[in-house]
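One structure is given here, and the rest of the page talks about it.
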Amino acid sequence: NAGVTQTPKFQVLKTGQSMTLQCAQDMNHEYMSWYRQDPGMGLRLIHYSVGAGITDQGEVPNGYNVSRSTTEDFPLRLLSAAPSQTSVYFCASKFEETQYFGPGTRLLVL
Amino acid sequence: AQSVTQLGSHVSVSEGALVLLRCNYSSSVPPYLFWYVQYPNQGLQLLLKYTTGATLVKGINGFEAEFKKSETSFHLTKPSAHMSDAAEYFCAVDWGTSYGKLTFGQGTILTVHP
């Protein structure tokens with residue numbers, strides 16, 4: 001199993017640009033989520049999904065969009081990037097009570 | 001509001017010394033508790049977890065943590081630090097909600113001196 005994979009590893013955007021962060025898992029986990037990590041704040045939940053076709057907002061959803069067309073994939077879309085979205089983004093999938101994290105995407109918005 | 005607090009954003013120890021990283025959570029209801037480790041420029045790796053049963057939990061790399069309900073704490077320890085333990089450590093709590101959100105502490109950076 002590759003586990004949870006994320007692409008790209010690093011991205012630089014200009015303010016106002018849009019992009020999609022990719023996340024995939026090969027463990028057939030129903031639950032997937034996106035977190036952002038900022039210094040001194042731990043990780044905060046952006047969006048989550050409990051299965052294909054079902055998504056919902058976490059605690060910091062503004063400026064982000066998600067969809068879940070398959071069990072494997074859970075992309076995160078930035079609609080119009082802002083400097084405040086400069087962060088490290090982690091995707092996770094969950095089995096029973098444990099969440100497994102991907103390697104992260106570092107995003108810099110200029 | 002439910003919260004997780006890690007006491008000390010930076011902890012420095014000598015190689016071979018005891019490692020103690022503190023974590024307290026706000027609710028008295030026994031939740032699921034986790035410790036994750038993050039090495040530089042890497043993702044989060046699960047160190048150990050408490051779900052039910054024995055309150056002393058052993059994890060990878062010689063780490064262990066004890067769930068103390070009366071103190072709402074889940075401190076992480078390792079008897080003898082190794083240089084390779086230098087990383088950032090996160091305590092996290094799953095409150096058992098239907099949406100499975102993890103609430104993270106702010107993180108503690110562990111530095112190990114030779």
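The figures that follow rest on heavy atoms only: side chains count, while hydrogens, waters and symmetry mates do not. Letters A, B, ... are given to chains in the order of the sequence lines, protein chains preceding strands, and every chain is numbered from 1. These numbers come from a predicted model, not from an experiment.
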Hphob cluster co-occupancy, [X] + [Y], side-chain heavy atoms under 4.5 angstrom:
X	Y	answer
A:M27	A:F74	no
A:L76	A:F90	no
B:Y50	B:I60	yes
A:L78	A:V60	yes
A:L21	A:L45	no

For residues A:Q37 and B:F90, report the shortest heavy-atom separation together with the two atoms involved.
-> NE2-CZ, 3.1 Å
Chain B contact via A:Q6 - side chain, backbone, both or neither, heavy atoms under 4.5 Å = neither
Do [X] and [Y] have side-chain heavy atoms sitting under 4.5 Å apart?
X	Y	answer
A:M41	B:Q106	no
B:Q45	A:Y100	no
B:L44	A:L43	yes
A:F101	B:L102	yes

Supply the members, apart from B:I109, of the Ile/Leu/Val/Met/Phe/Trp/Tyr cluster built from side-chain contacts under 4.5 Å; use none for a lone residue.
-> none
Would you compute the distance between atom [atom1] of [X] and atom [atom2] of [Y] and round it to the nearest 0.5 angstrom?
X	Y	atom1	atom2	result
B:T52	A:E97	OG1	CD	10.0 Å
B:Y36	A:T98	OH	OG1	6.0 Å
A:E96	B:K49	CD	NZ	7.0 Å
B:T103	A:R44	OG1	CZ	12.5 Å

Considering only heavy atoms, which portion of B:L46 lies under 4.5 Å from any heavy atom of chain A: side chain, backbone, both, or neither?
-> side chain
What part of B:T51 is in contact with chain A, defined as an atom under 4.5 angstrom from a non-hydrogen atom: side chain, backbone, both or neither?
-> side chain
Can you check whether anything in residues 103-110 of chain A gets within less than 4.5 Å of chain B, heavy-atom wise, and list it by number?
-> A:P103, A:R106
Before accepting this row, confirm whether a basic side-chain N of the pair A:K94/B:D94 lies closer than 4.0 Å to the acidic partner's carboxylate O.
-> yes
Is it the case that more than 12 heavy atoms not belonging to A:F95 sit under 6.0 Å from its CZ atom?
-> no
